[in-house]
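Notes to accompany the following structure.
Quick note on labels: first sequence line is chain A, next is B, and so on, each numbered from 1. Atom set for the values below is all heavy atoms of this structure, side chains included, hydrogens, waters and symmetry mates excluded.
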Protein chains: 2
Amino acid sequence: MSMKHAVLGLLDLSPLTGYDLKKSFDETVNHFWSGDQAQIYRTLSALVNAGLAEVEVVPQEGRPARKIHHITDAGRAELDRWLTAPAEPAPERSEFLAKLFFSPRLPDDAVADLLSQRRAAATTAWETLRALEAAEGTGTTRAERLRLSTLSNGLAHARAELDWLETMEREFA
Amino acid sequence: MSMKHAVLGLLDLSPLTGYDLKKSFDETVNHFWSGDQAQIYRTLSALVNAGLAEVEVVPQEGRPARKIHHITDAGRAELDRWLTAPAEPAPERSEFLAKLFFSPRLPDDAVADLLSQRRAAATTAWETLRALEAAEGTGTTRAERLRLSTLSNGLAHARAELDWLETMEREFA
DNA sequence: TCGGACTATAGGACCACGCCTATATAGGAC
DNA sequence: GTCCTATATAGGCGTGGTCCTATAGTCCGA
């Protein structure tokens, strides 16, 4: 699991509460990582437990205190260890390809449906990434350009999927 | 979860034991689905429990009896239901993109390492799929061609990844 | 002859993760 | 006036999935 590391990475950019983190996940890194709110809070307390983060409690009126989490030196060390560690092999899993593999037992028009559904999903994904890219601009610093490249990666794959779908629809539709 | 459905799909192609299924997962559908041995056996007994599969016990000498699992009519119905159901949204998760996003805190050569590691992995993936495709041939029936298209999908994405990496290495290496 | 791979099953423990719920207040929409 | 959203936390429950272990015989190569 690298949920822990995703949180550490975000805490390294700036100190955050669990609530802030959930927003960061949804708004900033949603195109390649996501996290349930409950799991984010659990990960945070695990990080504090392990000495990788520290809590600063800021009381508020009328609502629970903000628990601002700061990354520690140990946390930064662990983050760097992860960043430079060789990628652990992640098994591929695609529900769509599984359906496609077993689709021969379906009538032809059902296969066509499967493909057109996939096309709709891929198109939406492409447009979402496009909009994000347009909102972010080109990026001036090296850091910004590296972060933006996660978007261009997603776009490249969405493009590849759409192209592949076109040849598929020509052959099977 | 569609582990259940992946197993049903394979059982629909031919009756199998848990052991056979594990081999099918590793050899046939590994490029888009994988399964732990323990989980396969648990899934099988769940399917039998739910009436979606039936067991035929074939005793053997010197080793445990083969428990050959046959898909039932109810199983085929469930398989069809899944195949035609709209795709449930699967959140994207990429450890590599996460690392890339947080890589700005690393020295430049470490970022280059990250990219070249990824290049190696993508190249291997591409070659593996290529070899599989070469071993399978072009496919004569519609069913064969549909199954083979899961390979061409993988190849398209591997190609896209390699192309993207090339522009990345030109910009950041 | 000894160790390892193959055939075949299955239980136990643990973990990551997702859904649902609870609590408490403020402010805006309808 | 009521309902929804935002702010902020956290526990509980269930499940899908991985790893490790146990059993037990055969067959093959070093």
In this structure, how many angstroms lie between the [atom2] atom of [N] and the [atom1] atom of [X], rounded?
X: A:Leu16; N: D:dT7; atom1: CG; atom2: P; value: 14 Å
X: B:Glu88; N: D:dG16; atom1: CD; atom2: P; value: 11 Å
X: B:Glu56; N: C:dA8; atom1: CD; atom2: C1'; value: 16 Å
X: B:Glu95; N: C:dA16; atom1: CD; atom2: C1'; value: 14 Å
X: B:His5; N: D:dG16; atom1: NE2; atom2: P; value: 11 Å
X: B:Ile40; N: C:dT7; atom1: CD1; atom2: C1'; value: 15 Å
X: A:Asp20; N: D:dA8; atom1: CG; atom2: C1'; value: 10 Å
X: B:Lys4; N: D:dG16; atom1: NZ; atom2: C1'; value: 12 Å

**Report entry** Whichever of B:Arg93 and B:Tyr41 has its nearest DNA chain C nucleotide further upstream toward 5'
**Finding:** B:Tyr41
Report task. Nearest-nucleotide wise, let me know which of B:Pro91 and B:Gln37 is further upstream toward the 5' end of DNA chain C. Result -> B:Gln37
Nearest to the side chain of [X], heavy atoms from C-beta on, is which of [options]?
X: B:Tyr19; options: D:dA8, D:dC19, C:dA8; result: C:dA8
X: A:Ala38; options: C:dA8, D:dA6, C:dC19; result: C:dC19
X: A:Thr17; options: C:dA8, C:dG18, D:dT9; result: D:dT9
X: B:Gln39; options: D:dG16, C:dA10, D:dT9; result: D:dG16
X: A:Lys23; options: D:dT7, C:dA10, D:dG17; result: D:dT7

Query raised in the report: So what's C:dC30 paired with, Watson-Crick or G-U wobble, going by both distances under 3.5 Å?
Result: D:dG1
Query raised in the report: Across all strands shown, which nucleotide pairs with D:dA24 by Watson-Crick or G-U wobble geometry, both distances under 3.5 Å?
Result: C:dT7
Query - Polar pair under 3.5 Å, donor/acceptor by atom type, side chain B:Arg42, base D:dT15 - result: no
Query raised in the report: If you draw a 6.0 Å radius around CD in A:Glu95, do more than 12 non-hydrogen atoms from other residues or ligands fall strictly inside?
Result: yes
Report summary line: When A:Asp36 and A:Ala65 are each assigned the nearest nucleotide of DNA chain D, the 5'-most assignment goes to A:Ala65
Query raised in the report: B:His157 vs A:His157 aromatic rings, parallel, tilted or perpendicular, using cut-offs 30° and 60°?
Result: parallel
Query raised in the report: What orientation do B:His5 and B:Trp82 show, parallel under 30°, tilted 30 to 60°, or perpendicular over 60°?
Result: parallel
Query raised in the report: Does a side-chain heavy-atom distance below 4.5 Å link B:Ile40 with B:Phe25?
Result: yes
Query raised in the report: Do B:His69 and B:Thr17 have a side chain donor and acceptor closer than 3.5 Å?
Result: no
Query - A:Lys67 vs D:dA10: side-chain N/O to OP1/OP2 distance below 4.0 Å - result: yes
